[in-house]
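One structure is given below, encoded as structure tokens.
Because the structure is a prediction, the values reported are computed rather than measured.
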There are 2 protein chains.
Amino acid sequence: MGKCEQCIIREFNSLKSLTKQELTRISGCKVSKTIKKGEVLFKEGEHINGVYCIRDGICKVSKMSDNGRDQIINLIKKGDIIGERSLVNNEASNLKAIAVNDVQVCFIPKEEILNGLQNNIDFSMDMLKSMANSLKNADNVIVDMAQKTVKQRLAATLLFLHNKFKSNEDGYLDILLTREDIANIIGTATESAIRLLSEFNKKGYIKLKGKQVVVTNPTELQQIAQGF
Amino acid sequence: MGKCEQCIIREFNSLKSLTKQELTRISGCKVSKTIKKGEVLFKEGEHINGVYCIRDGICKVSKMSDNGRDQIINLIKKGDIIGERSLVNNEASNLKAIAVNDVQVCFIPKEEILNGLQNNIDFSMDMLKSMANSLKNADNVIVDMAQKTVKQRLAATLLFLHNKFKSNEDGYLDILLTREDIANIIGTATESAIRLLSEFNKKGYIKLKGKQVVVTNPTELQQIAQGF
DNA sequence: CGATTGCTTGACCCCCATCAATCCTCGTGG
DNA sequence: CCACGAGGATTGATGGGGGTCAAGCAATCG
């Protein structure tokens, strides 16, 4: 496999602050994996003992609720790192990660990351910033979940997907989620999500081409998401 | 005011990892404040330029949603620190903090904390752990908000308050929240919260003595929170 | 080419947001 | 000391949002 020192992906995450030396060390012990669509990267309760750096593809990160439904907490893609949290507080993962499409990841053992955190201030500051940002984001999600209607949340989610995953100028996404996935992001029943998607489609805010969802009127969706 | 080196409060948070020297420096430039019940510690959009260490009392930390309702994100008490996030990523606060009862805080300037993060690995690791923990917590809240009914969330919230704020053996809380506050934690209308509180009261899971809410049957509330 | 999985729509009903009226409680000023 | 006003607590009535069950259809796969 390639060498971390030459990997562009790390520019997108905290690993960019590591030194050449550190990267070389990591390069020597990292493990590259391919996870096929639908397969599990790690599951709840598992001890990950390291972090995953996503080189390509998309994973849905979810957590099982008491009522037995999977709530999707996050979608991670190329350049994202996952597993730092369990690593830092030395606990088993409380989340599950499943490949939405074929995914290539590099696994970096715990010791290497801890070593970096202990000896490289820039790296640990980057990690802190990244977590601080995730926390801010989580707060926003909590407020939305608590206060917004399902319709508002769907509009917000479509915009989120549009902004994070749109590939080319025609607005198609790099990601293909099932209706159930979308419902599990919003936190609603699949049928409710479907009905609202159909409504948005009729009104021309989005286009449904098979399973593809294309946002055609972001402005209007923004309005809806904010409650108008 | 007292000296940080001798302050017991810091044992409850990341500041415990600071050296005697660092604490002495901080002691010299910290500012102690008293915030009266209902007053604002800081508000959304404000540049805090430091962190607050709660010495006594309770603050509700909230965020305004698009529809104009305040969502309470967190309740912080003696020993908690707030403001690290905005400090780390150098942004204005996205949250508001209001004193629930009279609160005593120490304000520690940004530079001191940054200095600690730069030079004291133990301190920054503690901060990382603290944030990792908050993130795990936030994930749980997101799942609950997305998947649970208002009744379940109320039961869970009552248990949370019971565990975090119960003072003496008779189950009374150190905290006195209005019905509106409780509703704003759950993310529901005040009337809905009131109705359910009344229902729990009739069934004997809690006791309502004036504004005081006392949990009398945690086991049953646990069952409800999990959906039975 | 069955069979499984995902998508869609209809029907039903309960939860909960909202509006409204009343009661309670406490702090303030006369 | 009491009246009174304001904010909080409570209860009722009502309507819509959204969860759930069920049936039919489309698409994908071994």
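With sequence neighbours left out, A:Phe165 forms a ring-ring contact (aromatic ring centres under 6.0 Å, His included) with no residue at all. In this structure A:Pro218 satisfies the side-chain contact (heavy atoms from CB on, under 4.5 Å) test together with A:Leu159, A:His162, A:Val215, sequence neighbours excluded. The side-chain hydrogen bond (donor to acceptor under 3.5 Å, both in side chains) test applied to B:Asn101 returns no partner, not counting sequence neighbours. Listed by chain and residue number, nothing satisfies the side-chain hydrogen bond (donor to acceptor under 3.5 Å, both in side chains) test with A:Ser130 (two or more places apart in sequence, or in another chain).
Sorted by first then second residue, the side-chain hydrogen bond (donor to acceptor under 3.5 Å, both in side chains) pairs that include residues 214-228 of chain A, not counting sequence neighbours, number zero. Among residues at least two apart or in separate chains, salt bridge (Lys or Arg N to Asp or Glu O under 4.0 Å) pairs with a member in residues 202-218 of chain B are B:Glu199-B:Lys203. Among residues at least two apart or in separate chains, side-chain hydrogen bond (donor to acceptor under 3.5 Å, both in side chains) pairs with a member in residues 71-82 of chain B are A:Gln147-B:Gln71. Applying the salt bridge (Lys or Arg N to Asp or Glu O under 4.0 Å) test to residues at least two apart or on different chains, the pairs with a partner in residues 94-106 of chain B are B:Asp70-B:Lys96. The salt bridge (Lys or Arg N to Asp or Glu O under 4.0 Å) contacts involving residues 179-198 of chain A comprise A:Lys60-A:Asp181, where partners must be two or more places apart or lie in separate chains.
Here the P atom of nucleotide D:dG24 and the CD1 atom of A:Ile194 are 17 Å apart, to the nearest Å. Regarding A:Ile182, its CD1 atom lies at a distance of 12 Å from the C1' atom of C:dG6, rounded to whole Å. Separating the CG atom of B:Leu197 from the P atom of D:dG8 is a distance of 16 Å, rounded to the nearest angstrom. In this structure, the CD atom of A:Glu199 is 15 Å from the P atom of D:dG16, given to the nearest Å. One interatomic measurement links the two molecules: CD of A:Gln147 to C1' of D:dG17, which rounds to 16 Å at whole-angstrom precision. Regarding A:Leu208, its CG atom lies at a distance of 14 Å from the C1' atom of C:dT9, rounded to whole Å. Atom CD of A:Glu180 and atom C1' of C:dT8 are 15 Å apart (whole Å). We find that CG of B:Asn184 is positioned 12 Å from P of D:dG8, with the value rounded to whole Å.
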| remark: Under a 4.0 Å heavy-atom criterion, the protein footprint on nucleotides 11-18 of chain C, written with B, S and -, is B----SBB
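An end-to-end axis angle of 40° holds for the helix from C:dC1-D:dG30 to C:dG30-D:dC1, taken from five base pairs per end and rounded to 10°.
One distance of note links CD1 of B:Ile108 with CG of B:Asn49; it measures 14.0 Å at 0.5 Å rounding. Within the model, atoms CG of B:Leu15 and SG of B:Cys53 stand 5.5 Å from one another, a figure rounded to the nearest 0.5 Å.
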Which protein N or O atoms sit under 3.5 Å from an N or O of nucleotides 24-29 of chain C?
none

